[in-house]
S.K.: 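Sharing a structure, written as structure tokens. Questions coming.
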Number of protein chains: 2
Amino acid sequence: MTGIERFRLFLKEKGLKFTPERRKIVEEIISFHDHFDVETLYHRLKRKVSLATIYRTLPLLRESGLIREVLRCQGRAVFESVWGHPHHDHLICIVCGKVIEFEDERIEKLQEEVCRKFGFQPVEHRLGIKGYCKECQRKIK
Amino acid sequence: MTGIERFRLFLKEKGLKFTPERRKIVEEIISFHDHFDVETLYHRLKRKVSLATIYRTLPLLRESGLIREVLRCQGRAVFESVWGHPHHDHLICIVCGKVIEFEDERIEKLQEEVCRKFGFQPVEHRLGIKGYCKECQRKIK
DNA sequence: ATCAGTGCAAAGGATTTGCATTACA
DNA sequence: TGTAATGCAAATCCTTTGCACTGAT
């Protein structure tokens, strides 16, 4: 199943409509795997879809498991496409803003274990470690 | 060393001043270990310290390691006092908003391992798992 | 034919900032 | 004394919303 099909199905199940605007948004999101904020997405869509519609569509994309919010950068929410990409977490440099992605299956497993322990059904999770990247540590010293 | 002393020292090292307002804020934060947002803190301080000053002081408290931002709730940043409290992470129910705290030493250790691997010097980290709590799972079914 | 979705512009709400004044160090 | 901090109010900036119109199912 493609991401677009997935979204279409999700909308159908909820009795919502698959509009041209929503199609453009999903297509754009799936074609890139970088981090993006709303403004960036808006420009990538060449302003063919209004900001209001983007803001109204993002929650649906989250619910359907196509994107997730990874972090906040100066008040702005930053998302990433999740479809077809292995889950990973982030190291965020508080000096230069660089983001390093990493995967650790063991951490994932332990999280699942914790959820079971509390009878909690996880939907989305986010692990962000803020600190100084290698380069910025040097600069400071 | 108490939290207040720690903050005082931090300010001194940075050439900043320890004012009555900052003292009130630290005292208040240390006396509670719950989660709090800016508005709540403002009211706890009985409005003796202005919102502007609170907003200007919070980053300093973060840098000095006394508090950390744990999550965002409808746009509002939520913090918690970290001083003298073991690190923990959160399960956040997306239906009722309940927050369950948990500690897992093994996850912490793995995070340190990841940081070493990337030569990254961690300052603060945050693991939040969103999903359905036990009660809300029942309600939905 | 309906009911949800869209764009626009206005509203909202948290956070930041300019400025004159105050007060630590 | 000199520099940073405070409070106030205005300004920002991201995000949400009301409304009249459009369009997917």
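Scope of the values below: all heavy atoms of this structure, side chains included, with no hydrogens, waters or symmetry mates. The model shown is predicted, which means the values in this text are computed figures rather than measured ones.
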S.K.: Under a 4.5 Å side-chain heavy-atom rule over Ile, Leu, Val, Met, Phe, Trp and Tyr, are Ile107(B) and Phe102(A) clustered together?
M.R.: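 Ile107(B) clusters together with Phe102(A).
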S.K.: Any side-chain heavy atom of Cys133(B) sitting closer than 4.5 Å to one from Leu91(B)?
M.R.: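 Answer no - side chains too far apart.
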S.K.: Less than 3.5 Å apart, which donor and acceptor atoms pair up between the side chains of residues 7-16 of chain B and the rest of the protein, not counting sequence neighbours?
M.R.:
residue, atom, partner, partner atom, Å
Lys14(B), NZ, Glu63(B), OE1, 2.8

S.K.: Can Val99(B) be reached from Val114(A) by stepping across I, L, V, M, F, W or Y side chains whose heavy atoms are under 4.5 Å apart?
M.R.: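 No, Val114(A) does not connect to Val99(B) through the hydrophobic network.
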S.K.: When hydrophobic residues are tied together by side-chain contacts of less than 4.5 Å, even through go-betweens, does Leu61(B) share a cluster with Val123(B)?
M.R.: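 No; tracing contacts between hydrophobic side chains, which count when under 4.5 Å, never links both residues.
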S.K.: Check DNA chain D against residues 52-61 of chain B and give the residues with a non-hydrogen atom under 4.0 Å, in numerical order.
M.R.: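 Of all residues in residues 52-61 of chain B, the ones placing a heavy atom under 4.0 Å from DNA chain D are Ala52(B), Thr53(B), Arg56(B).
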S.K.: So for the helix from dA1(C)-dT25(D) to dA25(C)-dT1(D), with five pairs setting each end axis, what is the inter-axis angle to 10°?
M.R.: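 What I find for the helix from dA1(C)-dT25(D) to dA25(C)-dT1(D) is an axis angle of 50°.
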S.K.: If you draw a 6.0 Å radius around CD in Glu5(A), do more than 12 non-hydrogen atoms from other residues or ligands fall strictly inside?
M.R.: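 Yes, the 6.0 Å shell around CD holds more than 12 heavy atoms from other groups.
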S.K.: When you check the side-chain N and O atoms of His87(A) and Glu103(A), is any donor under 3.5 Å from an acceptor?
M.R.: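 Result is no, nothing qualifies.
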S.K.: Using the ring-ring contact (aromatic ring centres under 6.0 Å, His included) criterion, which residues pair with His85(B)? Sequence neighbours excluded.
M.R.: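 Scan of His85(B) (ring-ring contact (aromatic ring centres under 6.0 Å, His included), adjacent residues dropped) gives His33(B).
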S.K.: Please list, by residue number, the residues of residues 9-21 of chain A whose heavy atoms come closer than 4.0 Å to an atom of DNA chain D; answer none if no residue qualifies.
M.R.: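 Within residues 9-21 of chain A, the residues near DNA chain D are Lys17(A), Phe18(A), Pro20(A).
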S.K.: Applying salt bridge (charged side-chain N to carboxylate O under 4.0 Å, His left out), which residue pairs with at least one partner in residues 64-74 of chain B are found, sequence neighbours left out?
M.R.: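 The answer is Arg62(B)-Glu69(B), Arg68(B)-Glu80(B), Glu69(B)-Arg72(B), Glu69(B)-Arg126(B).
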S.K.: Of all nucleotides in DNA chain D with an atom under 4.0 Å from a non-hydrogen atom of chain B, which is the first and which the last going 5' to 3'?
M.R.: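 Contact boundaries, 5' end first: dG2(D) to dC8(D).
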S.K.: Salt bridge between Glu113(B) and Lys117(B), side-chain N to carboxylate O under 4.0 Å?
M.R.: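 No salt bridge links Glu113(B) with Lys117(B).
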S.K.: Output every pair passing salt bridge (charged side-chain N to carboxylate O under 4.0 Å, His left out) with a member in residues 15-29 of chain B, not counting sequence neighbours, ordered by first then second residue.
M.R.: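 Only Arg23(B)-Glu27(B) qualify under salt bridge (charged side-chain N to carboxylate O under 4.0 Å, His left out).
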S.K.: Please enumerate all residues that pass ring-ring contact (aromatic ring centres under 6.0 Å, His included) together with Phe18(B), with sequence neighbours excluded.
M.R.: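 Phe18(B) satisfies ring-ring contact (aromatic ring centres under 6.0 Å, His included) with no other residue.
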S.K.: Walking along DNA chain C from 5' to 3', note the first and the last nucleotide with an atom under 4.0 Å from a heavy atom of chain A, and give both.
M.R.: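 Footprint of chain A along DNA chain C, 5' to 3': dC3(C) to dC8(C).
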S.K.: With sequence neighbours excluded, what pairs up with His90(A) under the ring-ring contact (aromatic ring centres under 6.0 Å, His included) test?
M.R.: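 His90(A) satisfies ring-ring contact (aromatic ring centres under 6.0 Å, His included) with His35(A), His88(A) once adjacent residues are dropped.
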S.K.: Just jot down the ring-ring contact (aromatic ring centres under 6.0 Å, His included) partners of Tyr42(A), sequence neighbours excluded, or say none.
M.R.: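 Scan of Tyr42(A) (ring-ring contact (aromatic ring centres under 6.0 Å, His included), adjacent residues dropped) gives none.
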S.K.: Passes side chain to side chain contact (heavy atoms under 4.5 Å, CB included), Ile129(B) versus Phe120(A)? Steps please.
M.R.: CA-CA 9 Å; Ile129(B) 304 178; Phe120(A) 191 87; 4.2 Å; yes
